[in-house]
Amino acid sequence: MAGTPNDVHLALRKEVAARADALWDVALRLHADPEYAFAEHRAAALLSGELERAGFAVERGVAGMPTAFTARSGRGRPAVALLMEYDALPGLGHACGHNLIAAAGLGAALAVAAVPEVSAGTVLAVGTPAEEGGGGKAIEADAGVFDDVDAALMFHPGVYDWARAPLTAQVQYRVAFHGRAAHPTGNPTEGVDALAALVELFNVLAVLGRRLPEGSHVQGIVTHGGTATNIVPEYAEGLFGLRAATTEALDDLVERLRVCAEGVARATGTTAEVERATVRYEHFRDSEPLSERFAAHLARAGITLSPPAPGVYLGSSDIGNVSTRVPAIHPFVAIMVEDGSDHTPEFAAAAASPPAREVLVAVTGALACTAADVLLCEGLREEAWARHRAARTG
């Protein structure tokens with residue numbers, strides 16, 4: 001490449017600085033106009049339009065999702081993907097800061113494509129809908145969107161400055177019990193109470209919960225409990241959210257749920273149905289070589305990242321499904337103090353605040369520099385892939 005790595009990084013930061021106002025405008029426009037899972041039509045149009053005007057080849061409706069897209073600059077390998085989330089939370093807007101994730105991925109892709117010294121391979125900007133419920137990245141991964149990619153990069157705003165994301169595996173299951181209706185006073189012995197079976201499942205799972213490993217839990221709600229108080233319920237249904245520290249532990253937890261439901265059914269004379277209700281999010285596998293590069297670049301902007309606190313988990317994300325296929329990063333960068341929390345009105349306000357603007361510019365520069373390192377440094381790619389494959393086989 002022409003010029004030193006430092007020259008390239010400096011050129012990228014200048015590109016980001018020149019776009020700072022425009023990127024902040026994109027973040028604010030998304031923030032003011034929240035859209036929800038698989039219906040983020042205006043957000044997808046805004047982001048893909050910006051990339052198309054910059055010369056990226058845009059493909060919309062990726063993986064059968066109308067609000068998913070890819071935008072490509074360059075061709076062939078190596079290839080780096082910059083991921084953009086842009087769905088919001090019903091009732092809370094961008095209380096997870098996805099407006100900042102989208103603007104940062106957009107800005108990094110535009111910057112890398114604009115620097116002539118970074119001319120190797122492909123920059124792939126990926127629009128990923130429905131992270132908050134629906135799993136756009138999981139669907140894209142299954143459709144092969146990341147099959148020819150060497151690294152997938154994104155960040156997430158939060159209340160911690162953490163180099164690695166402790167994200168668990170999660171899935172939701174529907175459990176239904178079928179019994180037999182009867183009048184509770186007229187012919188009570190003929191009834192088989194499906195609701196009683198569902199309640200008993202909650203009791204069994206409460207006992208199970210005391211023996212689960214760290215990071216694992218089951219949380220359920222009743223979605224159907226009967227139609228009238230003077231009819232023994234012949235049908236009852238619950239929805240259960242399962243989380244575990246690893247995908248393997250989640251699979252074990254799913255099997256335990258199934259065994260518990262079948263045991264309750266035998267004990268109560270009902271029949272049970274257990275079926276998956278959502279896309280499964282796999283646990284996140286961090287690429288340490290890439291995370292270290294990102295952290296070093298971000299430190300130049302005055303933000304120091306540390307390892308996550310032991311035993312603390314920050315939910316789940318479909319980035320986990322991407323990280324099973326390619327080396328990936330998902331650092332958290334704080335936009336408000338640690339005693340706060342995302343998925344709150346306060347965090348939504350923070351996602352459009354002056355501190356968020358500073359974080360956006362710093363993170364966009366660090367993402368751009370890390371992306372350039374992936375494209376230009378064969379040794380970094382080889383190390384990232386070697387660690388990735390070792391983790392998969394391990």
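The figures that follow rest on heavy atoms only: side chains count, while hydrogens, waters and symmetry mates do not.
Counting only distance, with no hydrogens or angles, the side chain of Asp25 and the backbone of Asp21 share no donor-acceptor pair below 3.5 Å. Between the side chain of Ser323 and the backbone N or O of Arg285, at least one donor-acceptor pair lies under 3.5 Å. Looking at Asp193, its side chain never comes within 3.5 Å of a backbone N or O of Val232 through a donor-acceptor pair. Panel note: side chain Arg381, backbone Leu375; a donor-acceptor pair is recorded below 3.5 Å. With Thr304 contributing its side chain and Ala299 its backbone, the two residues share no donor-acceptor pair below 3.5 Å. A donor-acceptor contact shorter than 3.5 Å links the side chain of Tyr281 to the backbone of Gly135. Remark: side-chain polar atoms of His388 are not paired, donor with acceptor, to backbone N or O of Ala384 under 3.5 angstrom. Distance alone, capped at 3.5 Å, is enough to place a donor-acceptor pair between the Glu35 side chain and the Arg42 backbone. Checked by atom type and distance alone, the side chain of Ser216 never pairs as donor or acceptor with a backbone atom of Leu212 at under 3.5 Å. Here the side chain of Asp318 pairs a donor or acceptor atom with the backbone of Gly136 at under 3.5 angstrom.
The distance between the ring centers of Phe332 and His330 falls below 6.0 angstrom. Remark: aromatic rings of Phe69 and Phe56 are distant, center separation not under 6.0 Å.
A 6.0 Å sphere centred on CD of Glu52 holds more than 12 heavy atoms belonging to other residues, nucleotides or ligands.
For the residue pair Asp342 and His156, no side-chain donor N or O sits within less than 3.5 Å of a side-chain acceptor on the partner. Defined by atom type and a distance below 3.5 Å, a donor-acceptor pair is present between the side-chain atoms of Asp7 and Thr4. With no hydrogens or angles considered, no side-chain donor-acceptor pair links Arg72 and Thr122 at under 3.5 Å. Donor-acceptor pairing under 3.5 Å is lacking for the side chains of His178 and Thr270. Under 3.5 Å, the side chains of Glu237 and His224 contain no donor-acceptor pair of N or O atoms. For Glu140 and Thr128, the side-chain atoms include no donor-acceptor pair closer than 3.5 Å. A side-chain N or O of Arg243 and one of Ser316 form a donor-acceptor pair less than 3.5 Å apart.
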Problem - Verdict with reasoning, Leu82 to Met154, per side chain to side chain contact (heavy atoms under 4.5 Å, CB included) - result: CA-CA 6 Å; Leu82 290 151; Met154 65 173 293; over 6 Å; no
Handout entry: Criterion side chain to side chain contact (heavy atoms under 4.5 Å, CB included) on Leu89 and Tyr36, from CA distance to verdict
Key = CA-CA 7 Å; Leu89 289 157; Tyr36 311 111; 5.6 Å; no
Exercise for the section: Evaluate the criterion side-chain hydrogen bond (donor to acceptor under 3.5 Å, both in side chains) for residue pair Ser317 and Glu131; output intermediate values, then yes/no. Expected result: CA-CA 7 Å; Ser317 173; Glu131 188 277 332; 3.2 Å; yes
Handout entry: Derivation and outcome, side chain to side chain contact (heavy atoms under 4.5 Å, CB included), residues Phe155 and Thr364
Key = CA-CA 9 Å; Phe155 100 105; Thr364 303; over 6 Å; no
Handout entry: Phe177 vs Leu195, side chain to side chain contact (heavy atoms under 4.5 Å, CB included): CA-CA, chis, key distance, verdict
Key = CA-CA 8 Å; Phe177 288 97; Leu195 178 59; over 6 Å; no
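With respect to the salt-bridge test (charged N to carboxylate O, under 4.0 angstrom), the residues Arg29 and Asp33 do not qualify. Between Arg174 and Glu273 there is a salt bridge, since a side-chain N of the basic residue sits under 4.0 Å from a carboxylate O of the acidic one. Under 4.0 Å is where a charged nitrogen must lie from a carboxylate oxygen, and between Arg258 and Glu262 no such pair does. Remark: Arg180 does not engage Glu190 in a salt bridge, criterion side-chain N to carboxylate O under 4.0 Å. Salt bridge present: Asp142 and Arg325 bring a charged side-chain N and a carboxylate O closer than 4.0 Å. Salt bridge Arg280/Glu282: present, at least one basic N to carboxylate O contact under 4.0 Å. Classification of Arg164 and Glu288 as a salt-bridged pair fails, no side-chain N sitting under 4.0 Å from a carboxylate O.
Val199 and Tyr235 fall into different hydrophobic clusters, defined by Ile, Leu, Val, Met, Phe, Trp and Tyr side-chain heavy atoms under 4.5 Å apart, directly or through other members. Under the 4.5 Å side-chain heavy-atom criterion for ILVMFWY residues, no single connected hydrophobic cluster contains both Tyr313 and Val171. Criterion: ILVMFWY side-chain heavy atoms under 4.5 Å apart, direct or through other members. Under it, Tyr86 and Trp24 are part of a common hydrophobic cluster.
His98 pairs in a side chain to side chain contact (heavy atoms under 4.5 Å, CB included) with only one of the listed residues (His31, Glu85, Met84, Glu40), which is Glu85. With Val112 as the partner, the side chain to side chain contact (heavy atoms under 4.5 Å, CB included) test is satisfied by one option alone out of Val374, Val80, Leu367, Val123: Val123.
Contact check for Ile221 versus Thr223: side-chain heavy atoms found under the 4.5 Å cut-off.
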